Amino acid sequence: MAAYDYDIGIFGGGAAGLTVASGAAQFGAKTLLVEKEKSLGGDCLHFGCVPSKTLIKTAKVYHLMKTAQKYGLPRVDPNPVDYREVARRIQSVIGIIEKYDSEERFCKLGARIRFGNARFVDEHAVRLEGETYSAKNWVIATGSSPAIPPVPGLDQTPHITNKEVFSLESLPKSMIAIGGGPVSTELAQAFSRLGTKVTVIELGDQILGVEDKDMADHLMGILVAEGVTFHLNSVILGVKDLGSEKEVVVKNGGGKMLNLRAETILVAVGRQANLADLGLEGITVDFDKKGLKTDNRLRTNHKHIFAAGDTTGSYQFTHAAGYEGGVVLCNAIIHLPRRVDYTSLPWCTYTDPELASIGMNEKRAAAAGIEYSVWTEEFRMNDRSLTEGDEAGKIKLLLNEEERPVGIQILGPRAGDLVSEWVAVMNGKVRLSTIAAAVHPYPTLAEINKKVTRNFFAGEIFSEKVRKALKFFFNLKGKACGV
Ligand SMILES: Cc1cc2nc3c(=O)[nH]c(=O)nc-3n(C[C@H](O)[C@H](O)[C@H](O)COP(=O)(O)OP(=O)(O)OC[C@H]3O[C@@H](n4cnc5c(N)ncnc54)[C@H](O)[C@@H]3O)c2cc1C
């Protein structure tokens, strides 16, 4: 048997790579992790989830200050935002979390970390700064970068992406966000709340294209009411640098040409897997524009080379990266064959209100040819929502023909947290009647989860048949009012 330096080698020290590294090291595997940048943590920590959620909170506080009267408080006219202070807070939160992703911590767990650019020299070995490292198994967890669309003039016009947006020197007066996906939508609302005039340009007929249109349109309406402008069904024909302003020429849904101008252009049209410079072509690892091609055990065409996280091009979330890291560990280190199953993978767009999803929405159910019924409950009927002043949105429960939940979408306050109850329901195959009967604390937003199941059962419980039976057996006398 060939002797390798390591049991497992990992490219990339983000959510996926670190999950594999910590697990493998703790299982006693000789583990090497190679990270291209100077620190660990990946996009989520430095340019993604952590800075964006910190920014969103800051923007929410500023928004609450400006809308204080809604809560019976005196009118407040806060000073304009100093974005350097906002960026400082973002960096301080990153700094705290970063400690958990330190080289020392992983070294203590038993994993060796090397920083630099490594390339495969053969199917089991990589070369890094003049040294060769071989491993029995490899994991490619190099994440993704913002995709840059081939818009004429964009390459000669200064623009920003999620890499720069959290460390700007000042708050842009105006911003055109290209793309209407989750990254763009979250940032559009946050910057608008901080005082930037934001315009979003989206090619499709709705924002958040994977979500049901009714939920996405509802959310868009809320953002419009806050002052964000959207151009849907709009094609960008060109971009020009005019100095202090940039011009974006757009053909909108009605065929009208618009010359939009803003101080800053934010490009957020999706992600592209980081697969260049790894030497993958040399060892013929299969990948395409979407990412690495894998089987359902996350093995590439070379069975000892695995993919995890954004490089798979499937569900580009931190929790998906962590989950996939766990699947790779099972397959590569403890040799318990494990397949990925995304049926109950939740996600959330952290706008205000949040839009969370698990399982099938109407779009996906229809595409899969699944017969379903839809049950809803509005947040304006939830007492806690009313006390919080957060009454926009609803929950949508999809049941299949066997009346089992196949998906839940929640547009509302803390939707990302509320969906967790459904994570347990769907993964544990819990019966709807269990949630309907379970006591939820009052007044909580989570009561909406119970209420929507009750809406389903209400028709059966209070049916004419039940009423007739109760009348017959117990001689009930019927309505006492409004007869
Ligand atoms: C603005 C924004 C907000 C987001 N918000 C959320 C959110 O709220 N919730 C959520 O679940 N997801 C969110 N995401 C997505 C999330 O950040 C990614 O899905 C997650 O980081 C993927 O983890 P990963 O391990 O695959 O990649 P990463 O975390 O990016 O890690 C990849 C690592 O590989 C390194 N690397 C790259 N090339 C090489 C190389 N050649 N050699 C060695 N190392 C290399 C990189 O430097 C990086 O450290 C957000 C993304 C963005 C852009």
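Heavy-atom basis, side chains included; hydrogens, waters and symmetry copies ignored. As the structure lists them, so they are numbered: ligands from 1, and atoms in each ligand from 1. Sequential numbering from 1 along the given sequence is applied to the chain's residues. Bear in mind that the values here come from a model prediction, so they are computed numbers and not experimental data.
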Colleague: Taking the six-membered ring for Trp, are F11 and W138 closer than 6.0 Å centroid to centroid?
Modeller: yes

Colleague: Give a yes/no verdict on whether any heavy atom in H46 is under 4.0 Å from an atom of ligand 1.
Modeller: no

Colleague: Can you establish whether the number of heavy atoms outside K173 located under 6.0 Å from its atom NZ is more than 12?
Modeller: no

Colleague: Say whether H319, considering both its backbone and side-chain N or O atoms, lies within less than 3.5 Å of an N or O atom on ligand 1.
Modeller: yes

Colleague: Of all the atoms in ligand 1, which lie at a distance below 4.0 Å from a heavy atom belonging to G309?
Modeller: 26 (O)

Colleague: With a 4.0 Å cut-off, would you call R89 and E85 a salt bridge?
Modeller: no

Colleague: For V34, counting its heavy atoms only, list the atoms of ligand 1 lying under 4.0 Å from any of them.
Modeller: 43 (C), 44 (N)

Colleague: Tell me which protein heavy atom sits closest to atom 26 (O) of ligand 1, plus the residue, atom name and distance to 0.1 Å.
Modeller: D310 N, 2.8 Å

Colleague: Considering residues, nucleotides and ligands other than K66, do more than 12 of their heavy atoms fall under 6.0 Å from its NZ?
Modeller: yes

Colleague: For S52 and ligand 1, answer yes if some heavy atom of the residue is under 4.0 Å from a ligand atom, otherwise no.
Modeller: yes

Colleague: One thing to verify: whether D82 and R84 come together as a salt bridge, which I'm taking to mean a side-chain N less than 4.0 angstrom from a carboxylate O.
Modeller: yes

Colleague: Whether K30 engages the ring of Y6 as a cation-pi pair (distance to the six-membered ring centre under 6.0 angstrom, angle to the ring normal within 45°) should be assessed.
Modeller: yes

Colleague: Does D295 come within less than 4.0 Å of R339, counting only side-chain N to carboxylate O?
Modeller: no

Colleague: Atom 27 (O) of ligand 1: which protein heavy atom is closest, and how many Å away?
Modeller: G143 CA, 3.2 Å

Colleague: What atoms of ligand 1 come closer than 4.0 angstrom to any heavy atom of K53?
Modeller: 5 (N), 6 (C), 7 (C), 8 (O)

Colleague: Suppose we measure from atom 39 (C) of ligand 1 to each protein heavy atom; which comes out shortest, and what is that distance?
Modeller: T142 CG2, 3.4 Å

Colleague: Minimum distance, heavy atoms only, to atom 31 (O) of ligand 1: which one of A118, G325, G14 is it?
Modeller: G14

Colleague: Within the structure, does T311 bring an N/O atom to less than 3.5 angstrom of an N/O atom in ligand 1?
Modeller: no

Colleague: For V183 and ligand 1, answer yes if some heavy atom of the residue is under 4.0 Å from a ligand atom, otherwise no.
Modeller: yes

Colleague: Does a side-chain N-to-carboxylate-O contact under 4.0 Å join D7 and K136?
Modeller: no

Colleague: Got an N/O contact under 3.5 Å between K36 and ligand 1?
Modeller: yes

Colleague: Show which atoms of ligand 1 fall inside a sub-4.0 Å distance from at least one heavy-atom site of A16.
Modeller: 25 (O)

Colleague: Pick one of side chain, backbone, both or neither for how L187 approaches ligand 1, counting any non-hydrogen atom pair under 4.0 Å.
Modeller: neither

Colleague: I'd like to check which ligand 1 atoms, numbered from 1 as shown, lie under 4.0 Å from a non-hydrogen atom of R271.
Modeller: 53 (C)

Colleague: Looking only at distances, can you tell me whether any N or O atom of E35, backbone or side chain, sits closer than 3.5 Å to an N or O atom of ligand 1?
Modeller: yes

Colleague: Ion pair present between K53 and E186, side-chain N to carboxylate O less than 4.0 angstrom?
Modeller: yes

Colleague: Using every non-hydrogen atom in the two residues, find where A356 and V419 come nearest and quote the distance to one decimal.
Modeller: CB-CB, 4.0 Å

Colleague: Under 4.0 Å between a side-chain nitrogen and a carboxylate oxygen: does that hold for K394 and E378?
Modeller: no

Colleague: What protein heavy atom is closest to atom 52 (C) of ligand 1, reported as residue, atom name and distance in Å?
Modeller: G48 CA, 3.6 Å

Colleague: Hey, does S144 come in under 3.5 Å of ligand 1, counting only N/O atoms on both sides?
Modeller: no

Colleague: Is the contact between F47 and ligand 1 made by the side chain, the backbone, both, or neither, using heavy atoms and a 4.0 Å cut-off?
Modeller: backbone

Colleague: For atom 14 (N) of ligand 1, tell me which residue out of P182, C49, S184 has the closest non-hydrogen atom.
Modeller: C49

Colleague: Before accepting this row, confirm whether a basic side-chain N of the pair K363/E211 lies closer than 4.0 Å to the acidic partner's carboxylate O.
Modeller: no

Colleague: Is there a nitrogen or oxygen of T318 sitting under 3.5 Å from a nitrogen or oxygen of ligand 1?
Modeller: yes

Colleague: Quick test: of every protein heavy atom, which one is nearest to atom 15 (C) of ligand 1, and how far off is it to 0.1 Å?
Modeller: Q316 O, 3.6 Å

Colleague: Considering non-hydrogen atoms of the protein only, which is the closest contact for atom 53 (C) of ligand 1, and what is the distance?
Modeller: N162 ND2, 3.2 Å

Colleague: So if I count the atoms of ligand 1 from 1 in the order they appear, which ones are less than 4.0 Å from some heavy atom of A141?
Modeller: 32 (C), 33 (C), 34 (O)

Colleague: Locate the shortest heavy-atom distance separating T196 from P172; write the atom from each residue and the value.
Modeller: OG1-O, 2.7 Å

Colleague: Is K213 salt-bridged to E362, going by a charged N under 4.0 Å from an acidic O?
Modeller: no

Colleague: Quick check on contacts: which atoms of ligand 1 are under 4.0 angstrom from a heavy atom of E37?
Modeller: 47 (O)

Colleague: State whether the shortest distance between N or O atoms of F317 and N or O atoms of ligand 1 falls below 3.5 angstrom.
Modeller: yes

Colleague: Does the ring-ring contact (aromatic ring centres under 6.0 Å, His included) test come out yes or no for Y342 and F317, once each step is laid out?
Modeller: CA-CA 12 Å; Y342 300 105; F317 303 107; over 10 Å; no

Colleague: Output yes when the distance from some N or O of ligand 1 to some N or O of D43 is under 3.5 Å, and no in every other case.
Modeller: yes

Colleague: Given G322, A321, A320, which one has a non-hydrogen atom that is nearest to atom 23 (O) of ligand 1?
Modeller: A321

Colleague: For residues 266-281, which residue pairs qualify under side chain to side chain donor-acceptor pair (under 3.5 Å), counting only residues two or more places apart or in two chains?
Modeller: D43-R271, S144-R271, S145-N274, N162-R271

Colleague: Are R193 and E226 ion-paired here, with the side-chain N under 4.0 Å from a carboxylate O?
Modeller: yes

Colleague: Quick check on contacts: which atoms of ligand 1 are under 4.0 angstrom from a heavy atom of L278?
Modeller: 40 (C), 41 (N)

